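Step one of this worksheet: look at the structure below.
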There are 2 protein chains.
Amino acid sequence: MVTIYDIAKKANVSPMTVSRVINHAPSISEATRRKVEAIIQELDYIPNKQARSLTSKETKIVSLVIPDISNPFFTTIARGAEDKAHQFGYQLLLGNTDEQADKESRYIDMLLSAQVDGVLIAPTGEPSLVHLRKLAKRKVPFVFADRHVDGIAADLVMGDNAETTRKLVAHLVEQGHRKIALINGPDTASNARERRQAFTDALILNGLQWAPEDIIETHFRQDNFPDIVRSLMSLTLSGRPTAILAANNFIGVNTLRALREMNLRVPEDIAVACFDDPEPIPDYNPFLTVAAQPAYDMGFIGMQMLIERIEGKAPAAKRKVLLPSQLIIRKSTQQDVE
Amino acid sequence: MVTIYDIAKKANVSPMTVSRVINHAPSISEATRRKVEAIIQELDYIPNKQARSLTSKETKIVSLVIPDISNPFFTTIARGAEDKAHQFGYQLLLGNTDEQADKESRYIDMLLSAQVDGVLIAPTGEPSLVHLRKLAKRKVPFVFADRHVDGIAADLVMGDNAETTRKLVAHLVEQGHRKIALINGPDTASNARERRQAFTDALILNGLQWAPEDIIETHFRQDNFPDIVRSLMSLTLSGRPTAILAANNFIGVNTLRALREMNLRVPEDIAVACFDDPEPIPDYNPFLTVAAQPAYDMGFIGMQMLIERIEGKAPAAKRKVLLPSQLIIRKSTQQDVE
DNA sequence: CTGTTAGCGCCTTCAG
DNA sequence: CTGAAGGCGCTAACAG
């Protein structure tokens with residue numbers, strides 16, 4: 001491995017001078033700078049970040065902790081985050097939590113050990129509080145994306161869940177639905193809680209009735225959807241829903257599949273809409289009506305806030321950025337479309 | 001920051017003893033081990049990886065360099081790679097190249113500086129040779145996924161392009177097509193070259209004619225597809241194709257969009273099939289016929305080979321793993337489906 | 001089983 | 001403008 005000592009020897013200067021050249025210190029004569037740079041080129045020297053971090057206390061590495069990189073929603077967040085991080089010279093360390101708090105916890109420990117400069121996280125839910133406290137205790141800045149955790153303050157960028165839910169419900173009501181079910185994420189996740197609250201609020205505002213059975217609490221990335229949907233479709237007491245609102249793309253798509261297995265037609269027999277587009281590439285034949293959240297912006301803005309925080313350029317007060325989503329009406333909620 | 005010195009002082013032992021406890025060295029008395037561990041708990045000590053790497057020469061960080069995390073194909077590779085890496089205690093540093101060799105080059109420099117233990121890469125193309133040589137020169141192991149680069153040897157995991165292309169062409173021929181066009185990736189990318197070669201081979205094997213204009217060389221993640229498709233559809237000399245084969249999901253979806261803008265119906269007016277599924281979540285209403293490559297396995301196996309190489313457990317000879325793909329016939333190539 | 005010494009590659013600090 | 005000394009946190013290598 002080529003070190004500053006090798007360069008120094010060959011250039012007949014001290015290692016310190018080499019270090020200064022590398023770091024573009026102002027106080028270097030043009031002559032020595034050129035000489036040193038030539039030798040750096042010649043020996044193909046690359047600075048060792050590990051060593052540098054040991055004294056500088058910064059690694060220029062930030063981490064993105066998300067539930068699942070294979071979900072297009074988080075993938076798009078990752079893309080936005082990566083673009084911004086790259087722009088500021090930070091590298092991105094990726095972590096998948098699979099919506100499991102313990103996996104998340106282990107990741108946080110690894111990140112702490114790796115001395116990352118900051119963390120952009122979509123926390124699994126309330127249990128995240130414990131490991132987020134670890135970050136806070138060690139003064140590692142972090143920013144919430146998509147979800148937040150009660151009891152711990154941090155900058156936050158998320159979708160406007162209330163507004164988005166209202167839009168989706170309004171659309172369904174407009175289509176004539178009076179009995180709408182919600183298949184939600186786990187109540188420990190802030191976005192699920194907010195969507196549930198906004199959902200019932202919206203129903204009431206539209207003068208609609210709802211029963212507890214109309215709202216199902218499940219998971220964002222795995223569950224037995226056939227059973228869930230079947231139970232929903234066999235509701236007799238409070239009446240069978242004519243529309244289902246799914247709290248994310250994964251639930252949405254799996255609801256469609258379950259309905260198909262039951263030989264129910266969408267939208268003829270039942271309408272379906274969801275949060276987040278399941279299509280990463282704008283598609284030719286999209287089907288599902290969705291409220292598309294600006295995932296790229298979430299990643300981009302979240303990373304921007306994080307970097308500002310890391311570099312001490314952020315205001316003392318924590319910021320909260322609410323991003324609007326776009327209602328994309330497609331076939332799954334419209335019967336009268338050619 | 002809590003260091004082994006803090007622990008040592010409080011435990012009345014030397015820092016070295018603390019180091020031994022952390023690293024589960026065998027020669028530590030049960031008593032001191034417990035005492036030290038208790039204080040580690042109490043002070044909430046987390047080892048500094050940077051410092052450790054400085055002497056150990058390993059970072060337990062591997063990098064994944066791919067063209068675009070927002071493409072579901074690479075996303076799924078990333079997921080497989082992350083799962084395997086995590087399983088072996090490695091963290092994943094992510095890099096997007098956007099299919100640009102210079103961006104890729106800058107990333108490699110950053111990775112080298114970060115002292116990553118290895119790199120799993122889907123190279124942009126032949127120009128990658130230069131920076132891959134840098135890796136090789138510094139003995140940083142790397143493994144190719146999806147694509148390889150001529151002139152430099154490394155373990156490789158990729159789809160069986162010849163076989164896959166054959167299957168796709170056979171399917172189209174079976175559907176009665178005699179004039180098939182290929183919208184391919186750039187010739188600098190090995191997978192594009194192999195697909196082109198396999199494509200013409202397959203046409204010949206099926207006794208079909210082809211003209212140079214039937215094969216269009218474009219890019220995997222951006223281009224003016226309306227113009228490309230329009231030029232293809234206005235071929236008069238050699239005849240207008242009745243089917244288009246797209247070399248990846250992005251091209252496939254954009255071809256569909258371009259055709260729709262031209263008011264051409266798929267599959268009635270023209271059939272379309274592509275490599276790689278554009279759907280990250282198995283969808284309810286899939287449309288495009290695809291040859292789905294096992295992207296998850298590519299990431300998983302690629303990372304496995306990389307880790308074996310890093311840990312000196314790989315055979316001297318470079319391995320080449322060819323993965324079969326699955327032909328999923330959907331509406332875009334079938335007229336007679338209910 | 002435990003401690004001492006030295007050094008990983010670089011940078012801060014202080015001299016000159 | 002340049003250099004020497006010391007240290008970042010940890011661990012090999014050697015003593016005891």
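Only a predicted model underlies this, so the values are computations on that prediction, with no experimental measurement involved. Lettering follows sequence order; numbering is per chain, from 1.
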Query raised in the report: Got a second to check how far L135(B)'s CG is from I152(B)'s CD1, nearest 0.5 Å?
Result: 7.5 Å
**Report entry** Test item: N23(B) side-chain N/O and A25(B) main-chain N/O as donor-acceptor pair under 3.5 Å
**Finding:** no
Query raised in the report: Using 30° and 60° as the class limits, which term best fits the ring planes of F300(B) and Y296(B): parallel, tilted or perpendicular?
Result: parallel
Report task. Pick base, sugar-phosphate or nothing for T32(B), based on heavy-atom distances below 4.0 Å to the nucleic acid. Result -> sugar-phosphate
Query raised in the report: Given dG3(C), is OP1 or OP2 found less than 4.0 Å from the side-chain N or O atoms of T17(B)?
Result: yes
Requested in this report: Measure from CD1 on I7(B) to C1' on dG9(D) and round the result to the nearest Å.
Outcome: 12 Å
Report summary line: Under a 4.0 Å heavy-atom criterion, the protein footprint on nucleotides 7-14 of chain C, written with B, S and -, is BBBBSBB-
Query raised in the report: Under 4.0 angstrom, heavy atoms only, what part of the nucleic acid is S27(A) near: base, sugar-phosphate, or nothing?
Result: base
Query raised in the report: Has the side chain of E104(B) got a donor or acceptor atom that lies under 3.5 Å from a matching backbone atom of T124(B)?
Result: yes
Report summary line: Rounded to the nearest 0.5 angstrom, the CZ-CG distance for R133(A) and D44(B) is 13.0 Å
**Report entry** Pair Y107(B) + H131(B): ring centers closer than 6.0 Å
**Finding:** no
Query raised in the report: Checking Q91(B) side chain against K60(B) main chain: does a donor-acceptor pair fall under 3.5 Å?
Result: no
**Report entry** Terminal axis angle for the helix from dC1(C)-dG16(D) to dG16(C)-dC1(D), five pairs an end, nearest 10 degrees
**Finding:** 40°
**Report entry** Donor-acceptor contact below 3.5 Å, side chain N191(A) vs main chain R147(A)
**Finding:** no
